[in-house]
Peer 1: 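Below is a structure I'd like to ask you about.
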Amino acid sequence: MNSFKLLAMTLLTSLSASAQQPVYLDTRQPLETRVEDALKRMTTHEKIGMIHAQSKFTSAGVPRLGIRQLAMDDGPHGVREELEWNSWQPAGWTNDYIVAFPSLTCLAATWNPAMAQLYGHTVSEEFAFRGKDVMLGPGVNIARTPLNGRNFEYMGEDPYLSSTMVVPYIKGAQDNGVGVCVKHFALNEQEIDRFSVNVNVDERTLNEIYLAPFKAAVQKGHAWTVMASYPFWNGVHCCQNNHLLNDILKKQWGFDGAVISDWGGTTDTEQAATGGLDIEMGTFTDGKLKESEFGYNDYYLADPFEKLINEGKIPMSVLDDKVRRVLRTIFRTAMNPAKVIGSQCSEPHYAACKTIGEEGIVLLKNEKNILPIQPGRYRRILVVGENADRSLTKGGGSSELKTLRDISPLESLRRLYGDKLDYAQGYTSGRAIYDEVDKVDPKENERLREEALQKAKQADLIIFIGGLNKNCKQDCENADRESYDLSFGQNELITALAKLQKNIVVCTFGGNAFATPWIGQVKGFVHCWYLGSMAGDALADVLSGTCNPSGKLPVTFAKKLGDYSFAQYGAEAYPGVNKQVYYKEGLFVGYRHFDTHKVTPQFPFGFGLSYTTFSYGRPRLSANSLKGDGKLTLSVDITNTGKREGKEIVQLYIGQQSPVEERPLKELKGFEKVSLKPGETKTVDFTISKPMLQYFSAKKHDWTVDNDTFAAYVCASSEDVRGKVSFSYQQ
């Protein structure tokens, strides 16, 4: 046979084989057609192989059928350092350095859905470039207590703000073919006893506060996967809770994706199999046991589940439902031909990181316009504080990041102010160890303090850069903060510095609120959250005035811990007694409590200053009544009355006059971030509709609305009401 005939036969054979390829490989076919075609070709053992881990961060595909594995990795602030296939040790790669993006608290503080979309788009490009299919994040648990070690991974205390910000984040990521895994579903509002605490919460509070952001992520964001959480609810682990995962998530909300366990959150084969879990990850692979003692085939949803299927004790339909959900996820991500190649550490990613960080920084005090700091205004500037030169991308637990480059505040400020600037560390906090507090020599802290105080005597301006960090029992997974105060002697150091120099600006990092007993002694206060790789440039641009700050608080800063609502009810409300925690404050979380019960915060929810000023016109309604499913338009004019361009966040709250069931005084129902040039006026329009007036009735066990009079409050923060109008509602 000559070479031409051989080539022709080879091509014909190839074309014939191609024509007989399974439908699920043909991406022109509808998703469900591909899923069903793949499912019917699989053996029981192959199905079982897809619903549990095969390594620390992958679950298996079906090589025989050309179905790819599912590769996951920790987020949501960037792709975690590559680990070894079968251990928690770093793999030692040299090409897994990434951009650290700002914390999700910082994203929430932008109050800008466009920033959320940009965040999801850019961070998912880095996941795609690393070959990851699912990003473990974003998190939308509620900041019920400022002591929660993982609040920095979430979006604040209000379910509406979290819901509005998470949806564009999800769409930005999934448009690139990278699935999000919204976490931690649900009631994971503390790290203390997170594996064993049973959360007691009433049905109404559960629906209005704690489930709302997850519902938005599923129904509006169309999240492809959800991560079930560690705690118990109604005596059953959330990772295998039938009512939570099957009844609410899948049936009520129509979720068609896969539920992934939190790592090590699965504890029982039958409960996991029938309780709605689809992929089991991390069981007994936390380094406490030798790997040889427990293999991936020993997982609850592995051999033990297959045995129950083969014995007919659990119907095949239960397994098939799980596999369908996993196949959908694989076809949407790993086998999605439209999935982007992505990029890593690109200049557009650094630019996005800086932009998001700048919009999230919150200016909380600016007495006598001490900010911005123009070059030449001061002869001698002293920067004090460990966070000026400390990497805040390290530590924190599973969200720790391996960055290619981080720009520190000290580096950026030195570039701006040159030899006018001096530095004193002031204190030390030790290493960012995951599961223990690093011991610090008190003598070293005293030495650093004295050095700072001596240098302060020569300064014309002090910039203190401190706050929290990602050490154990700070902003870190697996432990909560032990105090509402700043640690490492910072409060005392700030007070001592303020006595030596009245021109002092405090800049803090951290994902939580904290006490500010020195607030009356300093002229400026800026809170930065965590700003990621471009932290220094973002903060320096705000301090120097290159960027006009426009962030506002997504959490309430109380004067003291006892002012928060949960603190009124003792240890039963937090951290719990005998592994039982009771959300006794009910709906009155965050500003709902401060507002309704007339407790004055240090800084209210939604508060943030600018280098310019804004005036609000009188709000106008398109009608005085709303009927049924109709709509009203509320309009308000906003004017920049200052001398420079800036952005204002206009907030809409709604309250009911005579509720049948108890309600907060008012609740956030809308917001818009508007950019204005000096002297410019823009009209902001809000649409008011029935869903904005509804509450979850404890009597009816469903969403309802009363015929009543409602008030719409136009606000600059939860406490700063700029206008109020009333309207009636009738069914």
Peer 1: Any donor-acceptor pair under 3.5 Å linking the side-chain atoms of Glu400 with those of Tyr434?
Peer 2: no
Peer 1: Please report the shortest heavy-atom distance between Leu371 and Arg377, naming the atom on each side.
Peer 2: N-NH1, 4.4 Å
Peer 1: I'd like to check Leu161 versus Leu668 (side-chain heavy atoms, cut-off strictly below 4.5 Å). Are they in contact?
Peer 2: yes
Peer 1: Identify which one of Thr122, Leu531, Leu118 satisfies the side chain to side chain contact (heavy atoms under 4.5 Å, CB included) criterion when paired with Phe101.
Peer 2: Thr122
Peer 1: Using modelled atom types only, decide if a donor and an acceptor are shared between the side chain of Asn151 and the backbone of Thr145 within a distance under 3.5 Å.
Peer 2: yes
Peer 1: With rounding to the nearest 0.5 Å, note down the distance linking NZ in Lys682 to NZ in Lys677.
Peer 2: 8.5 Å
Peer 1: Working note: Tyr97 + Glu81, criterion side chain to side chain donor-acceptor pair (under 3.5 Å); need CA distance, chi angles, decisive distance, verdict.
Peer 2: CA-CA 7 Å; Tyr97 291 93; Glu81 175 183 14; over 6 Å; no
Peer 1: Side chains of Phe603 and Leu553: closer than 4.5 Å at any heavy-atom pair?
Peer 2: yes
Peer 1: Mind checking the NZ-CG spacing from Lys502 to Leu461? Nearest 0.5 Å is all I need.
Peer 2: 12.5 Å
Peer 1: Go through Trp88 and Phe57 one step at a time and tell me if the ring pair (Phe, Tyr, Trp, His ring centres under 6.0 Å) criterion holds.
Peer 2: CA-CA 10 Å; Trp88 291 108; Phe57 284 97; 5.8 Å; yes
Peer 1: Could you go step by step and tell me if His527 and Phe514 meet the ring pair (Phe, Tyr, Trp, His ring centres under 6.0 Å) rule?
Peer 2: CA-CA 11 Å; His527 188 56; Phe514 46 83; 5.5 Å; yes
Peer 1: Should the heavy atoms of other residues, nucleotides or ligands under 6.0 Å from CD of Glu680 be counted, would the total exceed 12?
Peer 2: yes
Peer 1: Hey, is Asp475 close enough to Lys470 for a salt bridge, meaning N to O under 4.0 Å?
Peer 2: no
Peer 1: Less than 4.5 Å apart, side chain to side chain, heavy atoms only: is that true for Val384 and Ile462?
Peer 2: yes
Peer 1: So, Arg405 and Glu411, do they make that salt bridge, N to O below 4.0 Å?
Peer 2: no
Peer 1: Return the minimal non-hydrogen interatomic distance between Asn141 and Asn188, and the atom names on each side.
Peer 2: ND2-N, 3.3 Å
Peer 1: Locate the shortest heavy-atom distance separating Ser162 from Ile142; write the atom from each residue and the value.
Peer 2: OG-CD1, 4.5 Å
Peer 1: With no hydrogens and no angle check, just 3.5 Å: does a side-chain donor-acceptor pair link Ser550 and Lys673?
Peer 2: yes
Peer 1: Strictly below 4.0 Å, N to O, side chains only: are Arg449 and Glu451 in salt-bridge contact?
Peer 2: no
Peer 1: Is a donor from one side chain sitting under 3.5 angstrom from an acceptor on the other, for Lys523 and Asn503?
Peer 2: yes
Peer 1: Taking the six-membered ring for Trp, is the centroid-to-centroid distance between Trp518 and Phe525 below 6.0 Å?
Peer 2: yes
Peer 1: Taking all heavy atoms of Pro601 and all of Phe557, pick out the closest pair and write down the distance.
Peer 2: CB-O, 3.6 Å
Peer 1: Check Ala388 against Val383 and note the closest heavy-atom contact, atom names and distance.
Peer 2: CB-CG1, 3.7 Å
Peer 1: Give, for atom SG of Cys528 and atom CD of Glu358, the distance between the pair rounded to the nearest 0.5 Å.
Peer 2: 11.5 Å
Peer 1: Between Asp96 and Arg80, is the closest basic N to carboxylate O distance under 4.0 Å?
Peer 2: no
Peer 1: How long is the straight-line distance from CG of Leu107 back to CE of Met115, given to the nearest 0.5 Å?
Peer 2: 9.0 Å
Peer 1: Is the distance between the ring centroids of Tyr154 and Trp529 under 6.0 Å?
Peer 2: no
Peer 1: So how far is it from Ile465 CD1 to Gln490 CD, rounded to the nearest 0.5 Å?
Peer 2: 11.5 Å
Peer 1: Apply side chain to side chain donor-acceptor pair (under 3.5 Å) to the pair Gln474 and Ser487, showing each step before the final yes or no.
Peer 2: CA-CA 9 Å; Gln474 292 285 301; Ser487 299; 3.1 Å; yes
Peer 1: Is the closest side-chain donor-acceptor distance between Ser544 and Gln374 under 3.5 Å?
Peer 2: no
Peer 1: Any donor-acceptor pair under 3.5 Å linking the side-chain atoms of Asn469 with those of Ser429?
Peer 2: yes
Peer 1: List the steps and the verdict of side chain to side chain contact (heavy atoms under 4.5 Å, CB included) for Arg380 and Asp422.
Peer 2: CA-CA 8 Å; Arg380 295 180 297 273; Asp422 196 6; over 6 Å; no
Peer 1: Are the side chains of Ile98 and Phe129 in touch, meaning some heavy atoms are under 4.5 Å apart?
Peer 2: no
Peer 1: In terms of side-chain heavy atoms, does Asp389 have a donor or acceptor partner in Tyr423 at a distance below 3.5 Å?
Peer 2: no
Peer 1: Atom CG of residue position Asp419 - does it have more than 12 heavy atoms of other residues, nucleotides or ligands inside 6.0 Å?
Peer 2: no
Peer 1: Name all residues meeting the side-chain contact (heavy atoms from CB on, under 4.5 Å) criterion together with Pro146; count only those two or more places apart in sequence or in a different chain, and write none if there are none.
Peer 2: Arg481, Tyr484, Asn512, Ala513, Leu561, Tyr564, Phe566
Peer 1: Under a 4.0 Å N-O cut-off, is there an ion pair linking Glu82 with Lys132?
Peer 2: yes
Peer 1: May I ask you to say whether Lys473 pairs ionically with Glu482, meaning some side-chain N is under 4.0 Å from a carboxylate O?
Peer 2: yes
Peer 1: For the residue pair Asn471 and Val437, establish whether any side-chain heavy-atom pair is separated by less than 4.5 Å.
Peer 2: no
Peer 1: Does the side chain of Val650 reach to within under 4.5 Å of the side chain of Val674, using non-hydrogen atoms?
Peer 2: yes
Peer 1: Evaluate whether atom CZ of Arg644 has more than 12 neighbouring non-hydrogen atoms of other residues, nucleotides or ligands under 6.0 angstrom away.
Peer 2: yes
Peer 1: Measure the spacing between CZ of Phe614 and CG of Leu676 and express it to the nearest 0.5 Å.
Peer 2: 6.0 Å
Peer 1: Answer with yes or no whether the side chains of Thr393 and Ser391 bring together a donor and an acceptor at under 3.5 Å.
Peer 2: yes
Peer 1: Taking only Lys NZ, Arg NE, NH1 and NH2, and the carboxylate oxygens of Asp or Glu, determine whether Glu477 and Arg150 approach each other closer than 4.0 Å.
Peer 2: yes
Peer 1: Salt bridge or not for Lys443 and Glu446, using N-O below 4.0 Å?
Peer 2: no
Peer 1: Any luck finding a side-chain donor-acceptor pair between Ser533 and Thr403 under 3.5 Å?
Peer 2: no
Peer 1: When you check the side-chain N and O atoms of Thr639 and Thr641, is any donor under 3.5 Å from an acceptor?
Peer 2: no
Peer 1: Is there a side chain to side chain donor-acceptor pair (under 3.5 Å) between Glu359 and Asn112? Walk through the geometry before answering.
Peer 2: CA-CA 8 Å; Glu359 283 220 13; Asn112 190 343; 3.1 Å; yes
Peer 1: Show, in sequence, the C-alpha distance, side-chain angles and deciding distance for Asp537 and Lys354, and conclude whether the salt bridge (Lys or Arg N to Asp or Glu O under 4.0 Å) test is met.
Peer 2: CA-CA 7 Å; Asp537 283 359; Lys354 181 170 176 284; over 6 Å; no
Peer 1: Looking only at non-hydrogen atoms, find the nearest pair between Ser717 and Pro604 and report the distance.
Peer 2: OG-CG, 3.7 Å
